[in-house]
Amino acid sequence: MNFSIYDFTSFNQWIDKFLNDNLPAFWAVAVEMVIIGVAILLFYALVGLFLVYAERKVCAFMQNRVGPNRVGPYGFFQTIADFIKLMLKELIYIKNADQLLFNLAPFIVIIASFMAIAAIPFAKGLHAIDFDIGVLYVIAVSSLGVVGILLAGWSSNNKYSLIGAMRSGAQIVSYELSVGLSLITIIILAGTMQFSEIVEGQRDGWFIFKGHIPAFIAFIIFLISSTAETNRGPFDLAEAESELTAGFHTEYSGIKFAFFFLAEYMNMFIVASIAATVFLGGWMPFHVGSWAGFNHVMDFIPPFVWYIGKTFFVIWVMMWFKWTFPRLRIDQLLTLEWKYLLPINLVNILIMAFIVLMGWHF
Amino acid sequence: MNSIFEYFADIFHTVKSLLTGMKVTGRYFFSPWEIVTQQYPENRKTLKMYDRFKGEVIMPHNDHNEHRCTGCGICETACPNGTIEIIQAKIDMPDGKKKRIIDRHIYHLGMCTFCGLCIKACPSDALAWGQEFEHAVFDRSKLNKTLNQPGSSIIKDIVE
Amino acid sequence: MKEVINLPVKNVEEEEYHINMGPQHPSTHGVLRLVVSLQGEIVKSLKPHCGYIHRGIEKMCEKDTYPQIIHLTDRMDYLSAHINNHAVCLLVEKALEVEVPERVKYIRTIIDELNRIASHQLWWCSFGMDMGGLTCYFYGLRDREKILDIFEESFGSRLLHSSYTPGGLMMDIHPDFQKNVKAFIKYFRKKIRDYDDLLTGNMIMQMRTKGVGLLSKEDAISYGVTGPSGRASGFSCDVRKHHPYGVYDKVDFREILGTKGDTFERYMMRMNEMHESMRIIEQLIDNIPAGDYSAKMKAVLKLPAGEYYQRVEASRGELGVYCISDGNKTPYRMKFRSPNFSNLSALDHISRGVKIADLVAIGGSLDYVIPDIDR
């Protein structure tokens, strides 16, 4: 076996060959699926727990505080303690709630984020499934989550929840457009929707640098609208703590609440990894023109580290947004989308198409 | 044309104001020495309260287990909440007279609003503020304190 | 036979529904209950329900002697505790015709202004939080701690001081007081720029507050909205200017008046008042005359029979104390005209037709403290 942390392709092939040699073809596929499922589940849980911790620390440092520091060194096990607490908490039975939908909603939210994570390339060859329409698939799947939020708000039979859900519906319908259009800007540049090829296309330079100003504008728009799509930051109108107490998840408790909570952080991770993959070169190292020595050092850092680093940088920026800005009002939220982001985005696509047509990009 | 200019001016001003805000939080993120949180139970040893800190009402005793309280009950009347309860005792003086002295000076910490009127009212300066502030107990009855220590007596030179 | 009930058919678009904001709600700053009639997200009308934290302070005053009343006034508007104390002290001093030493007047004025800054800092925190910017909360509290430290050093407590007494102060200021106040002003002049960068200049905040929650000057007067909220509407109501007490007649400060009376103006009023308060303190801090910290008072204070009224400018508006004395050592009747109660009464008027998010912002800009409303 030829295993390296720079390329997982041979490692995957080795597992595939090993299973196929020892098992019938059907069972080999089944075992592979189970392995991938378990791996993603573990990754999901770890990243979710870590992100909750990271958010608390980041916001604490921005607010001149220390943040969690009691459970474990630097409070590192705080989220695990919280998770145990949430698991042990009572699931409060809401008398007049629509029981089926009420119980279904957290699962829809969390499954949507599960499905999206499957298409993301973590490193070369470390890729659950490599669609040729990867970008489209991720956009489609990640917007499924809003169905869960709408159901949660509706079925809780609480006016605060309903207002939150309605806001969230209006918000995601609008901002889905900007997310899609800003990704299309890059798809024009890349000429493909397959994630692995998008990453491969950035071998000689990330798209945010290759695409001149339009790519940069697209990146900013993607950051704004994906923050809105994940119901975070200044766009957290769906939960709007000071207005609607907790918005759509007011009535949820215990592990069902934890699902919403975890899904929020995983959605953030997913949009951050899309941003990292599409705009910042995925797992590709940072290269500067002809500085051979510098590039060689950069190549030495494993791709997985590059990917995680970029993703967490984007997540950090999104946290920075959240802990700086006051919340928008619902009409301003829609004004921002329909009057500013959408027109700018459309013009931006035209400019990008023109640049690609003339071959002005690097 | 003017409106188009305004459109872009709006965007510019908004982005600028948002970046100004982000500069503030970003600066604090990268300057952890500006953290103001106190690590309370850990810094217990170094934690020094101000001299005048109103933690609780105490009755200072000297080395001979003597206090200055005559048991006159002025603090009891000065207190707006009925926090102080004075139980007097009568002792026989050598000359055959009976004299009232303090038996127990009971202080209900749970009812105290820390207004300081008892300390101001005391004619013999028997009461003072203590710096103790960790008053949490599991049983409410523990907050009812007897301020004069058992076996204590009044300092001789206090004139009633 | 089944009876057919004809329910009144309502046009769905015109139908209103009610939500209870409070008594447990993050944005009511306490136990206030607002029954809000909504149409979609738009507030049609609202009804405040008070009384969840009613403690009967006015009735309790009737059994307390005048020095004892002080500690009850702390607990009305706990964020401007010193100023509340000041009102009662001035009332008693006026009734007894006691002349307090100059030193006391200077110290009281400085402490009042420090208290006003502390109160406005906490208002800024909670306003930021109402707008959804949680970081504001911690910056405001961080700076407020410095003032509370100064209070604690001199008077021993941080929030409910009871440090004024009829005739003077409970105790003299700490020897380090002047040094620490000057250090604080230097510190806060630097840190208030953070406030401006983070929230005042922020476009999102300005879009949300400008032109929202308009209160005209006439309405402000008829509802009795005083303090920064009233001045934002152009209602000149600063007691410090019109009926000076303490040494306010000796210092130079502006009464800042607004014109529009929207949420943003109410916000700016308080931000500017913090600057003005710092100016007042700077003028006084070096000139505190030496002397006694309390006038000579009798052991038992008995106000001559009659009616007395005293007003001061609390951090949220005009605080009036009305007292009927029958010559005893306890008042016959005590009534507090609390600024927040009047300010709250205008909430229904100014928040009709705005969205829920704006209602929260308006509530934040009126800066009500619930224990002061209910007393």
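Scope of the values below: all heavy atoms of this structure, side chains included, with no hydrogens, waters or symmetry mates. We name chains A, B, ... by the order of the sequence lines, and we start the count at 1 in each one.
Here C:Glu41 contributes atom CD and A:Arg167 contributes atom CZ; the two are 4.0 Å apart, rounded to the nearest 0.5 Å.
More than 12 heavy atoms of other shown residues, nucleotides or ligands fall within 6.0 angstrom of atom CD1 in A:Ile80. By the neighbour-count criterion of 12 heavy atoms within 6.0 Å, atom NZ of A:Lys89 is sparsely surrounded, having that number or fewer from other residues, nucleotides or ligands. Annotation for A:Gln99: atom CD counts as buried by contact number, over 12 foreign heavy atoms lying within 6.0 Å. In the displayed structure, A:Phe216 atom CZ is contacted under 6.0 Å by at most 12 heavy atoms of other residues, nucleotides or ligands. Annotation for C:Tyr187: atom OH counts as buried by contact number, over 12 foreign heavy atoms lying within 6.0 Å. No more than 12 heavy atoms of other residues, nucleotides or ligands lie within 6.0 Å of CZ in C:Phe341, so this atom counts as exposed by the packing criterion.
Interface residue C:Val212: only side-chain heavy atoms are found under 4.5 Å from chain A. With a 4.5 Å cut-off on non-hydrogen atoms, A:Gln332 touches chain C through its side chain but not through its backbone.
Across C:Ala357 and A:Arg329, no two heavy atoms sit closer than the pair CB-CG, 3.9 Å. Between C:Tyr17 and A:Lys159, the shortest heavy-atom contact is CD1-CD, 3.7 Å.
Contacts with chain A were tallied for C:Leu38, C:Leu359, C:Leu141, C:Asp358; C:Asp358 has the most, counting heavy-atom pairs under 4.5 Å.
Of all residues spanning residues 192-209 of chain C, those with a heavy atom less than 4.5 Å away from chain A's heavy atoms are C:Leu198, C:Leu199, C:Asn202, C:Ile204, C:Met205, C:Met207, C:Arg208, arranged by number. Listed by sequence position, C:Gly133, C:Leu134, C:Thr135, C:Phe138, C:Tyr139 are the residues of residues 133-140 of chain C in contact with chain A, using a 4.5 angstrom heavy-atom cutoff.
Side chains of A:Ile330 and C:Ile356 form no contact here, defined as non-hydrogen atoms less than 4.5 Å apart. Side-chain atoms of A:Phe325 and C:Met131, non-hydrogen and from C-beta on, never get closer than 4.5 Å to each other.
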